[in-house]
Amino acid sequence: MGSLRDDAHKLADEITGLRHSIHREPEIGLDLPKTQQKVLAALDGLPLEVSRGQSLSSVTAVLRGARPGKTVLLRGDMDALPVTERSGVSYTSEVPGVMHACGHDTHVAMLAGAARLLAARQADLAGNVIFMFQPGEEGCGGAPLMIEEGVLDAAGDRPAAAFALHVASEELPGGTFSSRGGPVLAASDALEVTVHGRGGHGSQPFRAADPVPAICEIVTALQTMVTRRFDVFDPVVITVGSLHAGTAKNVIPDDAKFSGTVRTLSAANRAVVREASVELVRKIAEAHGLSADAEYVQGYPVTVNTPAQVAVAEQVIAATLGADRYVPQSNPDPGSEDFSYVLEQVPGAFISLGACPQGVDPDGAPANHSAEAVFDDAVLPDGAAVYAALALQTLA
Ligand SMILES: [Zn+2]
Ligand SMILES: [Zn+2]
């Protein structure tokens, strides 16, 4: 048995082949039958207890070590995005309008590689590894569905730690890992508002009840609320991305509507913004003699890393690949992730992996979700080695 890194690099062709195959046939949402088949084929013949999801096309695989011990969970998400690929890679998507623009194809391939590396070490292993191949990360809540179906208890006892890698096509140099303790990604909620007025002639607003000036005031008041009511060091973002009213310049409409996204980095702020935003909307409408329906829709919670598992990750990456391959992440990212649901129940860490191709400036590279995003194959063996090393270190 060589070093993990050497063994992972011997699997490079296999890991890359799986990645390309998934990249060519991307699937969206909770039902990814082709991707699931590819995962099952990649795991075939390994000494794993493999099960499939009921309400989604997930794959859960359990590796039991030769001796009893703790359990560790490794997660790789599997779903693509409704994007028409313009990356120019040779293994480009063959499905019109669908692309692995968030790099989840690399996660599947790295996790399958880790399963092979760890299975080869089964005789030396004390404890269990749960491999969580998860559909529906992009807004469908695949992780909470897998938790409902028992992924956290798949090996019998609760994992002592859970880890997820996520590739980034920009910002981080290729091959560099990064994470931080505490909040690492935001909660993502929605605010849906309809202001009800009474339509009329544009020349005689005093005979109508105009919802348009009121809704404009509400949108700007939400921005003022963010800066006046929330600690600047515990950020809140509200972005109104959709706003609609009326049909003609001289007709006062009955209603006006908007919807926005709300990002918070603490459960405390999330609870306050939920109450405060709805109250602000209703009371501004009331102050103008109108009424408003305001619905606050909760999405993914804040992703909170456990400092101890981030320290394990830093140590493991340094030992496996070299100390220069890890950089501490200074700030959380206002994106969101449903791995947050796993970390609500199990200590662990969400770790970014720079996958910007060599020779491309990470600061100018197309971002995740871009039609032009490129995730470099070169990082795949090291990612598989790190997944495996995180499990070995947790079970050591
Ligand atoms: Zn994404
Ligand atoms: Zn993603």
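Keep in mind the model is a prediction, meaning the values are calculated, not measured. Atoms within each ligand, like the ligands themselves, are counted from 1 in listed order. Throughout, numbering of the chain's residues begins at 1 and tracks the sequence.
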query = Hey, which N, O or S atom on H166 ends up closest to the Zn ion (ligand 2)?
reply = NE2
Metal check, the Zn ion (ligand 1) vs H104 N/O/S, cut-off below 2.8 Å = no
note = Using a 4.5 Å side-chain heavy-atom cut-off and chaining through intermediate ILVMFWY residues, the residues clustered with F233 come out as V232
task = Look at atom CZ of R158 and say whether more than 12 heavy atoms of other residues, nucleotides or ligands are closer to it than 6.0 Å.
result = yes
key: H107 near the Zn ion (ligand 2) via N/O/S, less than 2.8 Å   = no
query = With respect to the Zn ion (ligand 1), what is the nearest N, O or S atom of E138?
reply = OE2
ask   = Does the separation of the ring centres of H23 and H20 fall below 6.0 angstrom?
value = no
task = Kindly assign one of parallel, tilted or perpendicular to the pair Y341 and Y300, based on the angle between their ring planes and the thresholds 30° and 60°.
result = perpendicular
